[in-house]
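Following: one structure in structure tokens, then a few remarks.
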Amino acid sequence: MTKQFKSILILAFIAIGFVNAQIQERPNFIFILTDDQSYGMMGCTGNNIVQTPNLDKLAHDGTLFNNAHITSAICTPSRISILLSQYERKHAVNFNSGTSVSDEAWAKSYPMVMRNAGYYTGWIGKNHAPIGKGGYGSGLMEKSFDYWYAGHGHIRFYPKEVHNIFNDAIADTQVEIINEGINDFLDPNERKLKGAIKFLESRPSNKPFMLSVNFNLPHSAGTGSMKLRTTDDDIYKTMYRDLDIPLPKNYIAKKDIKTPKLPADLLKVENRQTGYNYVDKPEDNIERYTRQLQAMTGIDRLIGNLRAKLKDLKLDKNTVIIFTSDHGLFMGEQGLGGKALCYEKTTHVPMIVYNPELKKKQRGLTSDALVQSIDVAPTMLSLAGVSIPKEFQGKDISNLVKGDKTEVRNYVFTENLWATQFGNPKIEAVQNKEWKYIRYYKNTSFPALKKIAAAKELGLNLNDMLYKVHDTDIAIYRALSNGSLEGETPVYEELYNLKNDPSELNNLINNPKHASVLKELKTAWKQELIKARGEGKPKVYRYTYESESTSNYKSK
């Protein structure tokens, strides 16, 4: 071996060591997403009943964004918006769209980008995003992660009853099963879960990691399936049951509704899904809310366990934790139940970003900056030193996390394109810190009640009748999406002063004193709508009842 070759070899080893050191120095990430959690469901966001000491501590140690919003207040489009950092208007996937995310679009999702940048990736809990040809059945999601311990769709309170992957867990309840998955992912010495899909036996210690944790709670599909079994933790059996739980503020029971919040031919509440009947029986609503509180305290305990585990493994000083929800939920406020609206109750969510590498003076901050769920992905990539794809529409808010007061946007745009047989109209909204303007479009959807009647008369499967999406629905969805861009006019509008009327009780749309504000917001609406749609065609596959798993549908 020549002296020159030895020198080259030494330099090569030094270079490899330098690269490995750089990889190890990059922060780890844990992104936690809850389901149907409105902003005011934690102590740190103003709830004086629920016990969430660990989430409150996380907010105290990090930055709490009190003006964070989702983009679409319904599970699937919201979650895909987070994954792709795109508005639904651009990614074009919803329950009613007849589409799934294409491989090309998925390649630019935050999990794929970070994995390709050298991150060890994991996904635990719930997946409600149809990815690849054949959607949930494509297998693309499972193959996209180094560690997979999740179920598609609703995993309910007892996940073993619907997904075999969880059968090896010791626990039976959702939060605790997810906690076992987190421990398995993080700790090489933890009990190994046989059901988990792994590409390596254990997480490499020389690679940074990116873990996504997804709950199906406090969603009613989870809390509604609680059975108060003797084997359940006391949190889920007795907690909060000794308290006098009040009905939500501004709650209106069905029997007391004199004038509906929205015109009856616009929001056709008689066609709503049965799970959204929060106004029917106030006494039932108390039980449902109690279970939500219990679920939140269970999630809070997991947060405490997680942070303790990170500290035990000496990962706590280099792991960024981000916590938010996919949207909020009406539980009878103003006589409304469910989501798929553009009011604060459904679009306003909690968001906490904890970066342990920041100085003490940069922690415990509260920001009223306008941020959105699509900002999560670019923020993680920025902190990881990874290039942000041009396809992302969200903003990097890492400077806001540090305490910088420079705003990333002047307006928030939200939308609802889940205009279906369940009575929802198409909606678009734009808001700044003080004002919100909402536009509603004519509701032409065929009513669920008529579908139900036909199914019963002919003995047809009711779920097939209500939930299967057909090829014709692709055209209907595209018309919904394109209509306002092509000049469709609203049939109803609202204007709210969020500072004086945060509950959005008083519609000021016809008040001439606010004509200049309305004009400004209408201009902003058009600009934000165009930006949300973006350029190019939606990168989707056909995903309908008629389609086969190998079919490939691309927008024309």
Side-chain angles (χ1 to χ4, degrees), residues 23 28-31 33 75-76 79-86 91-93 99-155 159 162-169 177-178 180-182 184-186 188 192-204 207-216 376-377 380-381 384 386 389 391-392 538-543 547-554:
I23 291 174
N28 306 307
F29 294 90
I30 298 179
F31 173 47
L33 185 68
C75 294
T76 287
R79 288 167 182 256
I80 293 173
S81 290
I82 293 169
L83 284 163
L84 302 183
S85 187
Q86 293 178 356
H91 68 63
V93 179
T99 54
S100 63
V101 177
S102 72
D103 292 53
E104 183 182 358
W106 179 241
K108 298 297 183 179
S109 65
Y110 79 77
M112 292 297 289
V113 173
M114 295 191 79
R115 191 183 192 193
N116 290 335
Y119 271 77
Y120 181 80
T121 59
W123 186 281
I124 296 173
K126 168 183 176 177
N127 171 52
H128 217 165
I131 308 295
K133 296 179 183 179
Y136 298 112
S138 72
L140 182 57
M141 277 290 276
E142 291 89 330
K143 297 173 185 175
S144 297
F145 295 87
D146 298 301
Y147 181 96
W148 173 269
Y149 191 58
H152 300 297
H154 290 297
I155 63 173
V162 288
H163 294 289
N164 292 335
I165 193 171
F166 301 117
N167 284 347
D168 187 50
I177 287 176
I178 289 175
E180 288 185 48
I182 292 172
D184 185 21
F185 176 86
L186 291 174
K192 295 304 172 188
L193 293 165
K194 295 177 183 176
I197 300 172
K198 306 177 185 180
F199 287 87
L200 293 172
E201 184 60 29
S202 61
R203 179 180 60 81
K207 292 183 72 173
F209 64 80
M210 163 71 241
L211 175 62
S212 298
V213 180
N214 299 266
F215 290 98
N216 196 185
V376 170
M380 290 192 294
L381 266 61
V386 177
E391 290 85 356
F392 279 17
K539 295 175 181 178
V540 295
Y541 292 134
R542 173 189 180 206
Y543 182 44
S547 67
E548 298 177 358
S549 60
T550 55
S551 294
N552 183 341
Y553 166 77
K554 293 183 179 179

Quick check against the 3.5 Å criterion: does Thr99 have a side-chain atom that pairs as donor or acceptor with the backbone of Ala92? yes

Whether His163 side chain and His152 backbone form a donor-acceptor pair below 3.5 Å: yes

Flag for Asp146-Tyr119: side-chain donor and acceptor within less than 3.5 Å: no

Flag for Tyr136-Asn127: side-chain donor and acceptor within less than 3.5 Å: no

Any heavy-atom pair between the side chains of Trp148 and Phe199 that's under 4.5 Å? no

Inter-residue atom distance Phe29.CZ - Met380.CE, 0.5 Å rounding: 7.0 Å

Ser138 side chain vs Ile131 backbone, donor-acceptor pair below 3.5 Å: yes

Where is the tightest heavy-atom contact between Ile182 and Ile124, given as atom of each residue plus distance? N-CD1, 3.5 Å

Kindly indicate, with the supporting measurements, whether the criterion side chain to side chain contact (heavy atoms under 4.5 Å, CB included) is fulfilled by Ile30 and Phe209. CA-CA 8 Å; Ile30 298 179; Phe209 64 80; 3.9 Å; yes

Does NZ in Lys143 sit with more than 12 non-hydrogen atoms of other residues, nucleotides or ligands closer than 6.0 Å? no

Would you say Ser100's side chain and Lys133's backbone share a donor-acceptor pair under 3.5 angstrom? no

State the NZ-CZ distance between Lys198 and Arg203, to the nearest 0.5 angstrom. 11.5 Å

Close side-chain approach of Ile197 and Phe145, heavy atoms under 4.5 Å: no

Partner of Asn214 by side chain to side chain contact (heavy atoms under 4.5 Å, CB included), out of Ile178, Ile82, Leu33, Ile155: Leu33

Heavy-atom closest pair (Pro204 atom, Leu200 atom, distance to 0.1 Å) is CG-CD1, 3.6 Å

Is any side-chain heavy atom of Leu193 closer than 4.5 Å to a side-chain heavy atom of Phe166? no

For the residue pair His91 and Pro538, what are the closest heavy atoms and their distance? O-CB, 4.3 Å

Should Tyr110 and Ser85 count as side-chain neighbours, where that means a heavy-atom distance under 4.5 Å? no

Are Ile165 and Pro159 packed together at the side-chain level, in the sense that at least one heavy-atom pair is separated by less than 4.5 angstrom? no

Contact between Val93 and Tyr543 at the side-chain level, heavy atoms closer than 4.5 Å - yes or no? no

Working to the nearest 0.5 angstrom, can you tell me the gap between Phe185 CZ and Thr121 OG1? 7.0 Å

Can you check whether Glu180's main-chain N or O pairs, donor with acceptor, with Asp184's side chain at less than 3.5 Å? no

For the pair Tyr541 (side chain) and Asp103 (backbone), establish whether a donor and an acceptor sit closer than 3.5 Å, ignoring hydrogens and angles. yes

Test your reading of the model: is there a side-chain donor-acceptor pair from Thr76 to the backbone of His128, 3.5 Å cut-off? yes

Distance-only, no hydrogens or angles: does the Ser102 side chain make a donor-acceptor pair with backbone N or O of Lys539 under 3.5 Å? yes

Can you name the nearest heavy-atom pair linking Lys192 to Ser202, along with the distance? NZ-CB, 4.4 Å

Sidechain-backbone polar pair: Trp123 side chain, Lys126 backbone, donor-acceptor under 3.5 Å: yes

Would you check if Met210 and Pro111 make a side-chain contact, meaning some heavy-atom pair closer than 4.5 Å? no

Say you draw a straight line from CZ of Arg79 to OG of Ser212; how long is it, rounded to the nearest 0.5 Å? 11.0 Å

Here the pair of heavy atoms bringing Tyr147 nearest to Ala196 is OH-CB, 3.6 Å

